[in-house]
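First up is the structure itself, then whatever we jot down about it.
Position 1 is the first residue of the sequence, and the numbers go up from there. First listed ligand is number 1; within each ligand, the first listed atom is number 1.
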Amino acid sequence: MIGAGLIGLAIAFELAERGATVRVYDRGEPARAASWAGAGMLAPYTERVADEVLLDFCAASLREYPPFVDRVRAAGGMDPRLRLDGVVHAAFNQADLERLQHGARELVAREVATEILDRASLLSVEPWLGSQVAGGVIVSGEGCVDNRRLGRALVSACQTRGVLVERSSAMHVECNERRVLGVHTDLGFVAAGAIVNAGGAWASQLQGIPPSCVPPIVPIKGEMLALGAPVDFVRHATWVPGAYLVPRDDGRLLVGATVESAGFDERVTARGVHELLHAALSSAPSLGSFAVTESWAGLRPGTPDGLPFLGPTPIAGLFLACGHYRNGILLAPATARALADAIENKIGPELQSFSIERRTEESSPSRITRM
Ligand code: GLY
């Protein structure tokens, strides 16, 4: 496995539970890139994933989250704090409210449990939203996981199942014209029957891969910050215009996230912080008295058509699990299951749309719109 983010670790864990011998290599600390930087939102309908096949895959992964977390907790002894108690959307004017209500009716028609909340009901759910709020919607089965805890839980679960998680400053895949042979790391050559490129925003930089198997991944920067708020001040992951707020049970209130093509720049900028605070405080001035306790940036792995690259490549034994863009944390369970199936040669139609064979030069990295 190349890449010790949540995707790489989840696949490694799944394979190890199925009896495989697995090693994971990463240039950095496990689960410290986008896996650490995200807010852990599990919200395919809120994210309005436009591609129907990807939406189905996201929905499957959301359903798979509770048993996945149970297995990780049982193996590693650490609770990643999964909460599927709904994602709230708040509107502050009539036009936005009607747009939310229209989106909610569409979700109900798809049998996605969604409730329209009038102003009073919304304020009883989230009193901090304050006097300007017009009403909103709650998408009931969505939620969030503490992605930093999930990273640590997965490392522990992997180690318990015998997975070696190692750092290597460089990784170079060796393959002939037909199949992979292994990978060169700082610790020497390791022969492998299967190699998975789960390199996140850096997946296109993996050395030794023929051009036909290099995924066209682009980094899409996201800046975030945390406020120190009383526990339960904000009760649900909540979207307000221009920002989302995700409460953690240690009192941190995450505010995210900017979306920017800035190469591999991971600086927190004045503009990014301003954008987030402006959006959050315009909707909820009551947040203004809280301390800013943390700020950070991460790189989402974007793709030209907004779809991930998952499954086999023209080189036998070389697999891709990258390009999850805004949904990497959500897609960890389904990706782990589907990739483990593919490696075991049990390939169904599920991954067809995500094949490297579809490579496209379309320019937009996103087919995702907000609700
Ligand atoms: N999934 C939320 C984000 O990428 O900002």
Side-chain angles (χ1 to χ4, degrees), residues 5-7 10 31-51 54-55 57-59 61-62 65 80 82-84 86-89 139 141-148 150-151 200-201 203 217-227 234 236-248 252-262 264-266 268-269 271-273 275-280 294-303 306-308 322-335 364-371:
L6 291 181
I7 293 291
R32 281 292 294 196
S35 305
W36 181 89
M41 219 157 355
L42 308 176
Y45 305 107
T46 287
E47 291 272 6
R48 274 286 166 117
V49 175
D51 183 275
L54 180 57
L55 182 59
F57 195 54
C58 288
S61 207
L62 183 60
Y65 238 96
L82 174 66
R83 290 179 51 177
L84 295 178
V87 171
V88 169
H89 297 249
V139 186
E142 296 187 330
C144 55
V145 66
D146 186 331
N147 43 296
R148 295 183 185 176
L150 179 58
I217 305 288
V218 287
I220 306 291
K221 181 180 180 183
E223 296 183 40
M224 293 194 60
L225 54 86
L227 303 177
V234 173
H236 298 82
T238 302
W239 286 55
V240 296
Y244 53 74
L245 305 162
V246 181
R248 290 280 186 254
R252 283 179 312 135
L253 177 61
L254 313 189
V255 183
T258 64
V259 181
E260 191 188 355
S261 290
F264 287 91
D265 174 12
E266 291 183 80
V268 176
T269 63
R271 189 180 55 241
V273 170
E275 190 182 307
L276 295 171
L277 287 178
H278 178 72
E294 200 186 339
S295 61
W296 65 95
L299 301 174
R300 307 174 182 90
T303 63
L307 303 182
C322 50
H324 294 78
Y325 189 42
R326 294 179 68 100
N327 291 299
I329 297 164
L330 168 63
L331 285 172
T335 301
S364 168
S366 172
R367 291 161 70 180
I368 295 168
T369 55
R370 287 185 181 175
M371 186 171 192

Checklist entry - Any luck finding a side-chain donor-acceptor pair between T258 and E275 under 3.5 Å? => result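 No, no side-chain donor-acceptor pair sits under 3.5 Å.
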
Item to check | Step-by-step salt bridge (charged side-chain N to carboxylate O under 4.0 Å, His left out) determination, E294 to R248 | outcome: CA-CA 13 Å; E294 200 186 339; R248 290 280 186 254; over 6 Å; no

Checklist entry - What are the two closest heavy atoms between A37 and W296, and how far apart are they? => result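 In this case the closest contact between A37 and W296 is O-NE1, 2.7 Å.
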
Next on the checklist: Ignoring hydrogens, what is the shortest heavy-atom contact between L150 and V145? Give both atom names and the distance.
Outcome noted: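 Where L150 meets V145 most closely, the heavy atoms are CD2-CG1, 4.3 Å.
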
Item to check | Which residue and heavy atom of the protein sit nearest atom 2 (C) of ligand 1, plus the separation | outcome: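 That would be E47 OE2, 3.2 Å.
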
Item to check | Top protein contact for atom 4 (O) of ligand 1, by heavy-atom distance | outcome: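 The answer is R300 NE, 2.7 Å.
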
Next on the checklist: So for Y325, does at least one of its heavy atoms come nearer than 4.0 angstrom to any atom of ligand 1?
Outcome noted: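 Outside the 4.0 Å threshold, so no.
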
Checklist entry - Of all the atoms in ligand 1, which lie at a distance below 4.0 Å from a heavy atom belonging to Y244? => result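 With Y244 as reference, the close atoms of ligand 1 come out as 2 (C), 3 (C), 5 (O).
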
Checklist entry - Which of the numbered atoms in ligand 1 are below 4.0 angstrom from a heavy atom of A257? => result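 This gives 5 (O) as the contact atoms.
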
Item to check | L42: which of I329, N147, N327, V87 passes side-chain contact (heavy atoms from CB on, under 4.5 Å) | outcome: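 It is I329, the one option of I329, N147, N327, V87 that forms the side-chain contact (heavy atoms from CB on, under 4.5 Å) with L42.
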
